[in-house]
2 protein chains.
Amino acid sequence: MSLQATCKALADPIRREILNLLKNRRLSAGEIGSYFPVTAASISRHLSVLREADLIRDTREGKYIFYELNASVLEEVMLWVSDLRSTSPAPCAGEPKPPCRKGDFCYEGTTEKI
Amino acid sequence: MSLQATCKALADPIRREILNLLKNRRLSAGEIGSYFPVTAASISRHLSVLREADLIRDTREGKYIFYELNASVLEEVMLWVSDLRSTSPAPCAGEPKPPCRKGDFCYEGTTEKI
DNA sequence: TTTACATTTAACCTTTTGGTTAATTGTATG
DNA sequence: CATACAATTAACCAAAAGGTTAAATGTAAA
């Protein structure tokens with residue numbers, strides 16, 4: 001839902017690898033777990049982090065719960081990153097002038113809130 | 001240097017906003033700090049996380065240390081994300097067959113190590 | 001209905017993270 | 001040299017993250 005949730009979800013290597021596994025085909029929770037040296041409970045929590053970030057969707061089918069990738073959320077990340085990349089590095093020297101004082105919460109109202 | 005370090009660095013909203021601030025012009029540590037409601041020490045540690053991920057570079061000039069964005073590292077993130085996005089969602093049902101047993105560390109040797 | 005299996009949730013523990021204040025380092029200047 | 005300023009590092013603390021085992025939930029099947 002939020003860029004923050006997405007970035008947090010992507011910060012863990014197991015979660016990134018889970019997304020990778022789901023790239024081509026959907027998998028059950030158990031099958032996903034079989035790829036990692038951690039308990040099913042641990043995987044389940046990773047899955048819920050990914051689900052809360054809406055990076056994956058789940059469907060129960062009988063005994064199994066299948067997970068599939070929802071890549072659309074990554075659009076926001078792509079936009080953020082590519083916006084940062086399309087930058088004009090214009091280095092200028094000189095005495096820096098602080099645009100606001102401490103405690104003014106100047107970053108609010110800019111691109112993102114905390 | 002590593003995708004892991006980059007993703008970790010991007011997982012914090014203050015760090016993302018710092019990169020945003022550096023998008024157009026370089027800034028001194030103090031000027032960066034003036035945008036956030038935390039201490040200079042806290043900002044300094046955020047800066048070192050970003051620097052260790054090679055997302056920013058620093059240059060001392062007299063009393064000041066100027067920081068500038070190094071967007072080239074983001075290339076790796078872009079590739080990883082866009083690779084994930086260019087996926088063919090071919091949902092197939094059926095009994096899942098685990099490709100390896102618990103404790104086999106099957107994710108090693110795939111895309112990424114832990 | 002009882003049992004087994006797939007998965008999640010609860011309770012707990014350890015490590016990491018992000019914040020603070022205080023001390024340290026580096027540079028310019030009276 | 002002594003003082004002031006910019007920034008970092010050290011020491012410490014609270015909260016979050018990620019792991020485990022054990023209990024709970026949901027569904028299929030004997």
Side-chain angles (χ1 to χ4, degrees), chain A residues 2 4-18 22 26-53 56-68 93-98 101-103 105 107 114, chain B residues 4-18 21-22 26-53 56-68 93-98 101-103 105 107 114:
Chain A
S2 69
Q4 173 59 20
T6 311
C7 289
K8 277 275 188 189
L10 294 180
D12 184 274
I14 288 188
R15 289 196 289 266
R16 283 200 306 280
E17 186 61 23
I18 289 175
L22 295 176
R26 68 183 198 160
L27 298 170
S28 71
E31 192 169 10
I32 292 170
S34 73
Y35 285 93
F36 305 96
V38 295
T39 61
S42 186
I43 291 297
S44 184
R45 301 214 308 126
H46 280 303
L47 289 173
S48 70
V49 171
L50 290 169
R51 185 178 40 230
E52 275 156 33
I56 56 176
R57 304 272 171 79
D58 60 335
T59 323
R60 166 147 244 152
E61 266 174 42
K63 274 201 295 191
Y64 302 107
I65 299 180
F66 286 94
Y67 287 91
E68 64 185 322
E95 185 83 6
K97 282 183 287 187
R101 251 175 249 85
K102 180 71 58 169
F105 291 72
Y107 60 93
I114 258 172
Chain B
Q4 173 59 18
T6 310
C7 288
K8 278 272 187 189
L10 294 180
D12 184 272
I14 288 189
R15 289 196 290 266
R16 283 200 306 280
E17 186 60 24
I18 289 175
L21 290 171
L22 296 175
R26 65 183 199 161
L27 298 170
S28 71
E31 192 169 9
I32 292 170
S34 74
Y35 285 92
F36 305 96
V38 295
T39 62
S42 185
I43 291 297
S44 184
R45 302 215 307 126
H46 280 303
L47 289 172
S48 70
V49 171
L50 290 169
R51 186 179 39 230
E52 275 156 32
I56 57 176
R57 304 272 171 79
D58 59 337
T59 324
R60 165 147 244 153
E61 266 174 43
K63 276 200 296 192
Y64 302 107
I65 299 180
F66 286 93
Y67 287 90
E68 65 185 323
E95 185 85 5
K97 281 184 284 185
R101 253 176 247 87
K102 180 70 58 169
F105 290 72
Y107 60 94
I114 256 173

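These numbers come from a predicted model, not from an experiment. Sequence lines set the chain letters: A, B, ... in the order given, protein chains first and strands last, and positions in each chain run from 1.
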_What I'd like to find out is whether the side chain of B:Phe36 reaches to under 4.5 Å of the side chain of B:Glu17, using heavy atoms alone._
yes
_Side-chain heavy atoms of B:Arg16 within contact of A:Gln4, under 4.5 Å_ = yes
*Looking only at heavy atoms, which two atoms of A:Ala11 and B:Ala11 are closest? And how far apart?*
CB-CB, 3.8 Å
*Using whole Å, report how far CD of A:Glu17 lies from P of D:dG18.*
16 Å
*Please give, in whole Å, the distance from D:dA24 C1' to A:Ile65 CD1?*
14 Å
*Does C:dG19 have OP1 or OP2 sitting under 4.0 Å from an N or O in the side chain of B:Thr39?*
no
_Any A:Ser48 side-chain nitrogen or oxygen under 4.0 Å from OP1 or OP2 of C:dT8_ = no
*Closest heavy-atom pair and its distance - B:Arg60, B:Lys63*: NH2-O, 3.6 Å
*Which nucleotide, D:dT20, C:dT8, C:dG19, lies nearest any side-chain atom of B:Ile14?*
C:dG19
*Could you check how far CD1 of B:Ile56 sits from C1' of D:dA7, rounded to whole Å?*
13 Å
*Is there side-chain contact between A:Arg51 and A:Ser48, with at least one heavy-atom pair below 4.5 Å?*
yes
*Let me know the distance between NE2 of B:His46 and P of D:dA7, rounded to the nearest Å.*
16 Å
*Can you tell me how far the CD1 atom of B:Ile14 sits from the CG atom of B:Leu50, to the nearest 0.5 Å?*
11.0 Å
_Candidate nucleotides C:dT8, D:dT20, C:dG18, ranked by approach to the side chain of B:Arg45 - the nearest_ = C:dG18
*Measure from CD on A:Glu52 to C1' on D:dA17 and round the result to the nearest Å.*
13 Å
*Can you tell me the distance, in whole Å, between the OH atom of A:Tyr64 and the P atom of C:dA4?*
16 Å
*A:Ile43 has an atom CD1; how far is it from atom C1' of C:dT9, in whole Å?*
16 Å
*Of all the heavy-atom pairs spanning B:Phe66 and B:Ser28, show the shortest one and how long it is.*
CD2-N, 3.7 Å
*Answer whether the closest heavy-atom distance between the side chains of A:Leu22 and A:Ile32 falls below 4.5 Å.*
yes
*Separation of atom CG in A:Leu27 from atom C1' in C:dA6, rounded to whole Å*: 15 Å
*Should stems be defined as at least three consecutive Watson-Crick or G-U pairs with both distances under 3.5 angstrom, which of them involve DNA chain C?*
C:1-30 with D:1-30
*In terms of the nearest nucleotide of DNA chain C, which residue is placed more toward the 5' end: B:Val49 or A:Leu47?*
A:Leu47
*Closest contact, heavy atoms only, B:Arg15 versus B:Lys8*: NH2-O, 3.2 Å
*Where each residue is assigned the nucleotide of DNA chain D containing its nearest heavy atom, which of A:Ala11 and B:Ala41 is assigned the position nearer the 5′ end?*
B:Ala41
*Just by protein heavy atoms under 4.0 Å, how would nucleotides 25-30 of chain C read 5' to 3' in B, S and -?*
-SSS--
